Amino acid sequence: PPSSSTVVPPSLPPYFIKGSIIQLADGELKRVEDLKTEDFIQSAEISSELKIDSSTVERIEGSHTSPNFAVVQFSVGEHRAQVSVEVLVEYPFFVFGQGWSSCCPDRTTQLLELPCTKLSVGDVCISLTLKNLR
Amino acid sequence: NVEPRSVPVFPWHSLVPFLAPTQSD
């Protein structure tokens with residue numbers, strides 16, 4: 001049966017603020033709002049430890065703990081493992097071929113000035129796993 | 001005279017959620 005886990009990230013990290021400088025695996029520097037799908041894919045290819053996994057959004061619901069949080073359920077990788085993540089509604093995820101998306105893009109844009117679209121069921125987000133588990 | 005402040009640089013992988021589901025095999 002698929003496993004399930006819940007991860008609660010800390011409060012909104014500073015690197016999502018528009019203008020933040022991000023270093024790719026090849027050393028290139030880019031602003032967070034300028035990142036493209038290829039940047040993540042190429043960085044993961046260079047990385048010896050990390051690989052990109054696709055995480056499909058299966059469900060989005062409000063959190064029981066706070067109206068500021070949402071629970072996003074993903075189906076991760078080829079094994080379609082079920083992973084639930086509790087995040088702030090403005091927490092951005094990177095959607096393949098689309099860019100930054102969050103449960104509440106208006107708040108993301110308001111708080112971070114990061115251009116953002118609405119995260120929806122069926123969206124395929126970029127996530128990471130370890131290349132070699134053993 | 002204002003000293004230039006160093007701009008923080010964040011690694012690319014910090015922006016991506018690390019989702020490591022338990023492997024069944």
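In this text, all values refer to a predicted model and were calculated from it rather than measured experimentally. Chain identifiers are assigned alphabetically (A, B, ...) following the order of the sequence lines, protein sequences preceding nucleic acid strands; residue numbering begins at 1 within each chain.
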Chain B contact via Ser55(A) - side chain, backbone, both or neither, heavy atoms under 4.5 Å: side chain
Portion of Phe94(A) that has a non-hydrogen atom of chain B nearer than 4.5 angstrom: neither
Contacting moiety of Phe16(A), where chain B heavy atoms sit under 4.5 Å: side chain
Whether over 12 other heavy atoms sit under 6.0 Å from Glu49(A) CD: no
Euclidean distance, Thr56(A) OG1 relative to Gln73(A) CD, rounded to 0.5 Å: 11.5 Å
Side chain / backbone / both / neither for Leu50(A) at chain B, heavy atoms under 4.5 Å: side chain
Atom group of Val7(B) that falls short of 4.5 Å from chain A, counting heavy atoms: side chain
Heavy-atom proximity to chain A below 4.5 Å, by part of Pro17(B): both
Backbone N/O of Ala25(A) and side chain of Ser43(A): donor-acceptor pair under 3.5 Å: yes
Test: Glu90(A) and Arg107(A) ion pair at under 4.0 Å: yes
Distance in Å, Cys103(A) SG paired with Phe69(A) CZ, rounded so as to fall on 0.5 Å steps: 11.5 Å
